[in-house]
Protein chains: 2
Amino acid sequence: MKRQNYSRKREAILQALQGTNTHPTAEWMYLQLKSQFPDLSLGTVYRNLAQFKTEGSAVSVGIVNGQERFDGNTSPHSHFICTQCGAVLDIFKPLYAEASFSEISQELCAQVESCDVLFRGVCSDCLKKQ
Amino acid sequence: MKRQNYSRKREAILQALQGTNTHPTAEWMYLQLKSQFPDLSLGTVYRNLAQFKTEGSAVSVGIVNGQERFDGNTSPHSHFICTQCGAVLDIFKPLYAEASFSEISQELCAQVESCDVLFRGVCSDCLKKQ
DNA sequence: GTTAAAAATAATAACTATTATTGATTTGAG
DNA sequence: CTCAAATCAATAATAGTTATTATTTTTAAC
């Protein structure tokens, strides 16, 4: 039984990503795992996150304040980004945008493969602080 | 009549952005305008684009291949991004995602202000080339 | 368990898009 | 024209990310 693409750090990185709903940055994950793996390198986090993306075990939410945000939840859902604190929240309510794949494909004569819906605004925590 | 925030270069940058549907990068705009304004600086393009965004006369489509893409069309519409060539295409078909503002607001106890819908796939040109 | 090839990593350097700085130029009302 | 405010060019600086390379870890056959 050949277990390719395995290392304890890679496994820990993926588990840390799947175990949070904060949609973290590479740097945040690096700092989180640094205590458990004192010799962890930031480059390793970046490299593994990139690999998770191409493998499909992680997705990118987008870039918030100059930093890419990752999501280990690959089930289809949308996101809300707080323009004040940068928090990224999940929205699991279906939005019918995916239902437009075929129509968009026809309109553009293109092959539509995915759809991201991003809401922006002020989150509840930031509203309270005002 | 006070004409604040005016300069021939700023006007040219905005007109160039509004006169294309390619959703260009700052660098693309710089190269486009360089022939007309030989002493134009890339920093000036970046600074004006940032100002257009805060003023609301331009919006950001997102970051494609590491570069921010801008749109001078501020009417609500969606976008398709080709994952092969990086082209950004407009989609004017309404997608009913905006209709979910109030529901999302309730679900998150947040103040939703905008919504971006991004489709990804392979554009017609790239499909032909395969 | 050993061992050798393959894969992954740490540390570091390099890259690149973007932003900040600063001194010079342009703008427009008086 | 004059002057203060706005804008700009040129340059340096910043910061997120990627590439490099020597070292370490993992793997699977022995």
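Reckoned from all heavy atoms, side chains included, excluding hydrogens, waters and symmetry mates. Predicted, not measured: the structure shown is a model, and the values here were computed from it. Proteins come first, then strands; the chains are lettered A, B, ... in the order of their sequence lines, and each starts at number 1.
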Whole-Å distance between [N] [atom2] and [X] [atom1]?
X: A:Y30; N: C:dT12; atom1: OH; atom2: C1'; answer: 13 Å
X: A:M29; N: D:dG16; atom1: CE; atom2: C1'; answer: 17 Å
X: B:R69; N: C:dA17; atom1: CZ; atom2: P; answer: 13 Å
X: A:E68; N: D:dT18; atom1: CD; atom2: C1'; answer: 12 Å
X: B:E55; N: D:dA6; atom1: CD; atom2: P; answer: 14 Å
X: A:Y6; N: C:dT9; atom1: OH; atom2: P; answer: 11 Å
X: A:Q67; N: D:dA15; atom1: CD; atom2: C1'; answer: 9 Å
X: B:E11; N: D:dA6; atom1: CD; atom2: C1'; answer: 16 Å

Please determine whether a side-chain nitrogen or oxygen atom of [X] lies at a distance below 4.0 Å from atom OP1 or OP2 of [N].
X: A:R10; N: C:dA7; result: no
X: B:R47; N: D:dT7; result: no
X: B:Y46; N: C:dT18; result: yes
X: A:K9; N: D:dT25; result: no
X: A:T44; N: C:dA8; result: no
X: B:T25; N: C:dA17; result: no
X: B:R8; N: C:dT26; result: no
X: B:N48; N: D:dC8; result: yes

- Contact nearer the 5' end of DNA chain C, comparing A:F37 with B:A50: A:F37
- Message: Nearest heavy atom decides the nucleotide; on that basis, is B:G43 or B:S7 closer to the 5' end of DNA chain C?
- Response: B:G43
- Task: State the OG-CG distance between B:S78 and B:D90, to the nearest 0.5 angstrom.
- Result: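 With rounding to 0.5 Å, OG (B:S78) is 9.0 Å from CG (B:D90).
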SB check [X] [Y] (cutoff 4.0 Å):
X: B:K93; Y: A:E107; result: no
X: A:D39; Y: A:K9; result: yes
X: B:K53; Y: B:E68; result: yes

- Query: B:E27 near the nucleic acid: base, sugar-phosphate alone, or nothing, with a heavy-atom cut-off under 4.0 Å?
  - Reply: nothing
- Task: With heavy atoms under 4.0 Å as the rule, sort B:I63 into base, sugar-phosphate or nothing.
- Result: nothing
- Item | Parallel, tilted or perpendicular: rings of B:F92 and B:H77 (30°, 60°) | tilted
